[in-house]
Asks: 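For reference, the structure I am asking about is given below.
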Amino acid sequence: MKLHYYPETDSLYVEFKTGPGAETRVVSDGLNVDLNAAGNVLGFDIYHASKRLDLSALETESLPVRSIKVC
């Protein structure tokens, strides 16, 4: 899983899988989900992320993480 923040558009993309997207569905105003051809979720795009979310901290709980990479 990767988090991509784009300050120029204030959007946060939560990427679950890589691969070509086949469809984007609007879940609600400012929240889209990208699906591949098999209907699997690739990621979520959250618009106006800094207004909707607290982006100042990132916490995980009980995730089986093998590595953490901060860029």
Side-chain angles (χ1 to χ4, degrees):
M1 179 186 336
K2 292 182 183 178
L3 302 176
H4 306 267
Y5 178 68
Y6 302 97
E8 62 277 359
T9 58
D10 189 25
S11 63
L12 178 69
Y13 190 74
V14 182
E15 179 184 333
F16 297 108
K17 289 184 175 183
T18 59
E23 181 182 358
T24 299
R25 292 186 188 169
V26 176
V27 176
S28 66
D29 185 38
L31 177 62
N32 295 341
V33 61
D34 290 331
L35 306 171
N36 65 13
N40 297 313
V41 175
L42 297 176
F44 289 100
D45 203 0
I46 304 166
Y47 300 110
H48 310 292
S50 68
K51 294 175 180 61
R52 297 170 181 246
L53 307 168
D54 178 3
L55 300 177
S56 65
L58 178 63
E59 295 181 31
T60 64
E61 191 171 311
S62 301
L63 285 177
V65 176
R66 289 180 288 189
S67 69
I68 296 174
K69 182 178 178 182
V70 178
C71 301

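What you see is a predicted model, and the numbers here were worked out from it, not measured in a lab.
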Asks: Linking Ile, Leu, Val, Met, Phe, Trp and Tyr by side-chain heavy atoms under 4.5 Å, what else ends up with Y13?
Replies: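 Y6, L42, all in the cluster of Y13.
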Asks: Which atom names give the shortest non-hydrogen contact between I46 and R52, and what distance separates them?
Replies: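 Shortest heavy-atom contact: CG2-CD, 4.1 Å.
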Asks: Check whether V65 and V70 end up in the same hydrophobic cluster, where Ile, Leu, Val, Met, Phe, Trp and Tyr are linked by side-chain heavy atoms less than 4.5 Å apart.
Replies: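 Yes, it is one cluster - the side chains of V65 and V70 are joined through contacts under 4.5 Å.
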Asks: Can you list the residues that meet the side-chain hydrogen bond (donor to acceptor under 3.5 Å, both in side chains) rule with N32, with sequence neighbours excluded?
Replies: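 Counting only residues at least two positions away or on another chain, N32 forms a side-chain hydrogen bond (donor to acceptor under 3.5 Å, both in side chains) with Y47.
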Asks: Mind checking whether V26 and L31 have side chains closer than 4.5 Å, heavy atoms only?
Replies: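 No. Closest side-chain heavy atoms not under 4.5 Å.
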Asks: Once rounded to the nearest 0.5 Å, what's the spacing between atom OG1 of T9 and atom NE2 of H48?
Replies: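 Result: 9.5 Å between the selected atoms.
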Asks: Compare every heavy atom of N36 with every heavy atom of P20, then report the nearest pair and how far apart it is.
Replies: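 Smallest heavy-atom distance, with atoms named: O-CB, 3.7 Å.
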Asks: Please tell me whether L53 and F16 are part of a single hydrophobic cluster in this structure, the criterion being side-chain heavy atoms less than 4.5 Å apart.
Replies: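 Yes, L53 and F16 fall within the same hydrophobic cluster.
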Asks: Closest approach of Y5 and S11, non-hydrogen atoms and distance?
Replies: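 Taking every non-hydrogen atom into account, CD1-O, 3.3 Å.
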Asks: Look up atom CG in D34 and atom NZ in K17, then write down how far apart they are to the nearest 0.5 Å.
Replies: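 Result: 13.5 Å between the selected atoms.
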Asks: Report, as yes or no, whether the 6.0 Å neighbourhood of atom CD on E8 holds more than 12 heavy atoms from other residues, nucleotides or ligands.
Replies: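 Yes, CD of E8 has more than 12 neighbouring heavy atoms, counting only those of other groups under 6.0 Å.
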Asks: Closest approach of E23 and R25, non-hydrogen atoms and distance?
Replies: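 Distance-wise, the nearest heavy atoms are OE2-NE, 3.0 Å.
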Asks: Kindly compute the distance separating CG (L58) from CG (L3), expressed to the nearest 0.5 Å.
Replies: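 Between atom CG of L58 and atom CG of L3 there are 6.0 Å.
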Asks: For the CG atom of L63 and the CD1 atom of I68, what is their distance to the nearest 0.5 Å?
Replies: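 L63 CG to I68 CD1: 9.0 Å, rounded to 0.5 Å.
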